[in-house]
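Below is one structure, written out as structure tokens; comments come after it.
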Number of protein chains: 2
Amino acid sequence: MQTYRRDIMAIGIKDIARLAGVSTATVSRALSHPGRVSPETRAQVMAVVEEHDYRVNSFARSLRVRRADAVLALVPNLGNPFFSEIIAGIQDGLTPAGLDLLVTDSLSQQARRQSPVTHLQAARADGLICLDGALPAGILDDLAASDVAGRVVFACEWPDGRGFPVVRSDNRAGMALAVQHLVGLGHRDFALLTGPEGNVLTRERREGAEAALAQAGLSLPPSRIAGGSFEIRDGFRAAGDLMRMPSRPTAILCSSDQLAIGCISGLSELGVRVPQDVSVVGFDDIALAAYSRPPLTTIRQDRRRLGRIAAERLLSSLSGKPLAETLTTLPVEIVVRRSTAAAPAG
Amino acid sequence: MQTYRRDIMAIGIKDIARLAGVSTATVSRALSHPGRVSPETRAQVMAVVEEHDYRVNSFARSLRVRRADAVLALVPNLGNPFFSEIIAGIQDGLTPAGLDLLVTDSLSQQARRQSPVTHLQAARADGLICLDGALPAGILDDLAASDVAGRVVFACEWPDGRGFPVVRSDNRAGMALAVQHLVGLGHRDFALLTGPEGNVLTRERREGAEAALAQAGLSLPPSRIAGGSFEIRDGFRAAGDLMRMPSRPTAILCSSDQLAIGCISGLSELGVRVPQDVSVVGFDDIALAAYSRPPLTTIRQDRRRLGRIAAERLLSSLSGKPLAETLTTLPVEIVVRRSTAAAPAG
DNA sequence: TTGAAAGCGGTACCAT
DNA sequence: ATGGTACCGCTTTCAA
């Protein structure tokens with residue numbers, strides 16, 4: 001397909017060996033196992049290495065040691081800024097171990113009619129961190145295959161009942177926090193803006209909300225559930241739908257900050273005041289949450305930490321240590337700002 | 001450093017050859033140059049390949065063909081969601097060519113005391129797309145070295161006077177658009193919120209604003225220039241600084257949407273109404289811009305397209321075609337929403 | 001059209 | 001501590 005090739009021949013280990021007056025074996029050792037070489041030899045070799053700015057050809061090395069020193073992160077959609085923090089966290093976890101990060105999104109994988117498993121099988125990556133919980137069953141089967149086992153961890157999202165290791169935020173507890181906050185403020189009429197149908201986060205957050213509501217003796221009629229994606233525009237649209245109903249909710253639980261911001265925007269357009277008329281709470285605590293108007297009350301999940309921990313889990317799994325726990329649930333907290341207030345009297 | 005290795009031995013080309021009753025050469029050809037193999041042989045080989053889900057070991061292949069089929073994207077900061085659209089665009093440009101995307105940020109590169117050049121020299125990537133215009137001079141020297149020439153393109157940001165190929169938005173024209181819009185609305189008192197000191201975008205946008213202002217017979221006194229980063233919190237802070245001044249601006253040009261949103265947030269806290277008291281315009285048109293309160297008037301740059309074009313430029317440079325132009329400047333447009341209005345009488 | 005075999009650039013075993 | 005060398009898995013002449 002491609003026809004180019006690296007033009008110039010980079011300097012190789014043989015050149016270094018010749019220049020330093022030692023064997024290639026010694027150069028290799030000086031570089032990878034400095035302890036196994038006499039200090040003088042090492043110094044000698046390193047001098048030549050520095051002088052010529054020699055770099056080990058990573059393919060030759062990987063071919064020999066059967067290791068890529070790279071991890072693949074699979075994101076549902078690269079264009080979605082929500083994932084950037086998690087990716088940054090993954091990078092944080094990988095960097096100390098000297099591993100590289102490969103990134104793709106599910107969309108372009110499909111475009112190439114490839115599965116992320118290809119990368120593992122083709123030895124391009126040692127492991128996979130998957131941020132997409134909605135992979136097709138066929139791909140999940142591949143991922144569960146023995147030759148790939150122990151090289152995959154899910155982060156943030158995950159597929160159900162597959163037994164993969166997963167690192168996630170405590171989505172249920174988060175929604176419970178939101179409900180309790182609102183109930184404490186006197187709210188009784190709730191609505192919920194959900195994420196996409198079939199998404200685990202959608203389900204967990206909904207169930208978390210329903211459970212907490214039930215505990216307060218409240219419930220969520222189907223007519224009070226709207227949404228269908230995590231995106232702003234759907235929050236905007238849902239606000240209209242909700243306000244058009246005969247009995248209006250006084251509190252809206254949103255499954256993402258984007259949804260919440262869109263919702264508030266929609267409410268404003270309709271002349272509904274937040275938080276005087278209705279309170280809204282988000283989920284995620286994205287950077288903008290503190291600066292939207294009004295500043296958003298939301299559930300903070302530490303996405304960077306989530307990414308880092310996922311990377312660390314994968315790394316220890318790769319080095320053969322069995323994971324202490326398959327399911328790691330990170331705590332969340334509520335950040336009360338000004339999009340929530342006491343329920344309007346009446 | 002790492003001690004793990006891929007546990008199982010994946011099936012190799014020799015196995016396929018044996019199973020199909022042909023030589024490895026034929027298997028290789030059947031896979032890479034189907035035309036050079038008889039239809040029967042090809043079918044025979046492909047059957048075995050499919051059956052065992054065989055994948056070419058990419059390292060062995062890359063070692064042999066001296067090509068990585070991967071491109072490295074260097075982002076200043078992976079955690080910054082601003083870049084995700086560009087990355088997605090790069091992916092768009094790479095996918096049709098079958099190339100993989102490696103991603104790192106400048107921060108973790110430094111942490112590893114590596115330069116992106118290492119990836120190129122170590123043959124891990126065929127080319128580099130750099131979104132960081134503020135690389136240290138030493139690294140830029142490396143990038144300019146002959147053995148790396150033609151394998152680098154800058155996108156969005158770029159270093160000055162180095163002659164690297166760059167793909168960017170028309171930052172000056174964008175600011176000019178903003179100024180003209182505001183001048184048309186009767187504004188005479190401008191302020192500018194800039195990005196970080198030393199950043200090219202900061203400079204281009206400032207110069208664009210100043211030039212357009214000059215053309216309208218207006219100017220921007222130093223006291224009316226604030227900012228110092230593209231981030232929300234600095235927009236928030238700058239709003240305070242600006243409003244504390246004896247003579248207040250009626251229009252604030254922001255070098256990013258983040259800055260604009262922070263600024264509006266800060267103004268609101270001070271009781272200053274947008275757009276009745278002051279108009280503010282952003283730059284970028286991020287997804288949230290349309291949904292902030294008030295919806296943000298801003299300069300739209302097509303970040304996805306920018307990424308895609310950068311990838312395409314790199315690809316053609318890698319395949320030896322000289323670039324038609326070193327500097328590619330993409331058009332921007334103004335999106336008028338509701339954060340701008342006629343200057344208050346007075 | 002097909003096969004034999006020589007590497008690609010390292011690493012690590014086995015001697016010394 | 002060091003060197004010789006087989007080999008990692010694939011691609012690509014070169015011959016047949």
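Chain letters run A, B, ... following the sequence lines, proteins first and then strands; every chain starts at 1. Being a predicted model, the structure only gives us computed values, none of them experimental.
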Side-chain donor/acceptor pairs under 3.5 Å, residues 15-27 of chain A, sequence neighbours excluded:
| unit_1 | atom_1 | unit_2 | atom_2 | d |
| --- | --- | --- | --- | --- |
| A:D15 | OD1 | A:R18 | NH2 | 2.9 |
| A:D15 | OD2 | A:G12 | N | 2.7 |
| A:S23 | OG | A:A25 | N | 3.4 |
| A:S23 | OG | A:T26 | N | 3.2 |
| A:S23 | OG | A:T26 | OG1 | 3.2 |

Let me have the donor-acceptor pairs involving side chains of residues 74-88 of chain B, under 3.5 Å, with sequence neighbours excluded, atom names and distances please.
| unit_1 | atom_1 | unit_2 | atom_2 | d |
| --- | --- | --- | --- | --- |
| B:N77 | OD1 | B:G79 | N | 2.8 |
| B:N80 | OD1 | B:F82 | N | 2.9 |
| B:S84 | OG | B:P81 | O | 2.7 |

Validation: residues 132-142 of chain A side-chain donor-acceptor distances under 3.5 Å, sequence neighbours left out:
| unit_1 | atom_1 | unit_2 | atom_2 | d |
| --- | --- | --- | --- | --- |
| A:D132 | OD1 | A:A134 | N | 2.8 |
| A:D132 | OD2 | A:S106 | OG | 2.6 |
| A:D141 | OD1 | A:R162 | NH1 | 2.8 |
| A:D141 | OD1 | A:R162 | NH2 | 3.3 |

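For DNA chain D, the residues of residues 31-41 of chain B within the heavy-atom distance limit of 4.0 Å (strictly under) are B:S32, B:H33, sorted by number.
Evaluation of the salt bridge (charged side-chain N to carboxylate O under 4.0 Å, His left out) rule for A:D302 yields no partner, not counting sequence neighbours. Residues forming a side chain to side chain donor-acceptor pair (under 3.5 Å) with B:E50 (at least two apart in sequence, or on another chain): none. The salt bridge (charged side-chain N to carboxylate O under 4.0 Å, His left out) check on A:R42 picks up nothing, with sequence neighbours excluded. Legend: residues meeting salt bridge (charged side-chain N to carboxylate O under 4.0 Å, His left out) with B:R168, ordered by chain and number and at least two apart, are B:E204. Take B:R313 and apply the salt bridge (charged side-chain N to carboxylate O under 4.0 Å, His left out) test, not counting sequence neighbours, and it matches B:E325.
In this structure, of C:dG9, D:dT11, C:dA12, it is C:dA12 that holds the atom nearest to the side chain of A:T24. With distances taken from any side-chain atom of B:A60 to the nucleotides C:dA12, D:dC10, C:dT2, the minimum falls on D:dC10. The nucleotide whose nearest atom lies closest to any side-chain atom of A:I13 is, among C:dA5, C:dT11, D:dG9, C:dT11.
A:R18 places its CZ atom 20 Å from the P atom of D:dT2, with the value rounded to the nearest Å. Atom pair A:R61:CZ and C:dA12:C1' shows a separation of 11 Å (rounding to whole Å applied). Rounded to an integer number of Å, the gap from B:D15 CG to D:dC8 C1' is 14 Å. Per the geometry, CZ belonging to B:R64 stands 6 Å off P belonging to D:dT12, to the nearest Å. As a whole-Å value, the separation of A:F59 CZ from D:dT11 P is 13 Å. The distance between atom NZ of A:K14 and atom P of C:dT11, rounded to the nearest whole Å, is 13 Å. In this structure, CD1 of B:I11 is placed 12 Å from P of D:dG9, rounded to the nearest angstrom. Here the C1' atom of nucleotide C:dG10 and the CZ atom of A:R67 are 13 Å apart, to the nearest Å.
With hydrogens and angles disregarded, a donor-acceptor distance shorter than 3.5 Å links the side chain of B:D126 to the backbone of B:A68. Proximity of a side-chain donor or acceptor of A:S62 to a complementary backbone N or O of A:R67 within less than 3.5 Å is detected. Side-chain N or O atoms of A:T95 include none that pairs as donor or acceptor with a backbone N or O of A:D92 at under 3.5 Å.
Every pair passing ring-ring contact (aromatic ring centres under 6.0 Å, His included) that includes a residue from residues 128-158 of chain A is listed here, sequence neighbours excluded: A:F154-A:F164.
An OP1 or OP2 oxygen of C:dG9 is reached within less than 4.0 angstrom by no side-chain nitrogen or oxygen of A:Y54. Contact annotation: B:T26 side-chain N/O to C:dG3 OP1/OP2 distance is under 4.0 Å.
At its two ends the helix from C:dT1-D:dA16 to C:dT16-D:dA1 runs along axes set 30° apart, each axis drawn from five pairs and the angle rounded to 10°.
Across all strands shown, B:V22 has heavy atoms under 4.0 Å from sugar-phosphate atoms exclusively, and none from any base.
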Identify each atom pair where a protein N or O and an N or O of nucleotides 13-16 of chain D are less than 3.5 Å apart, giving names and distance.
none

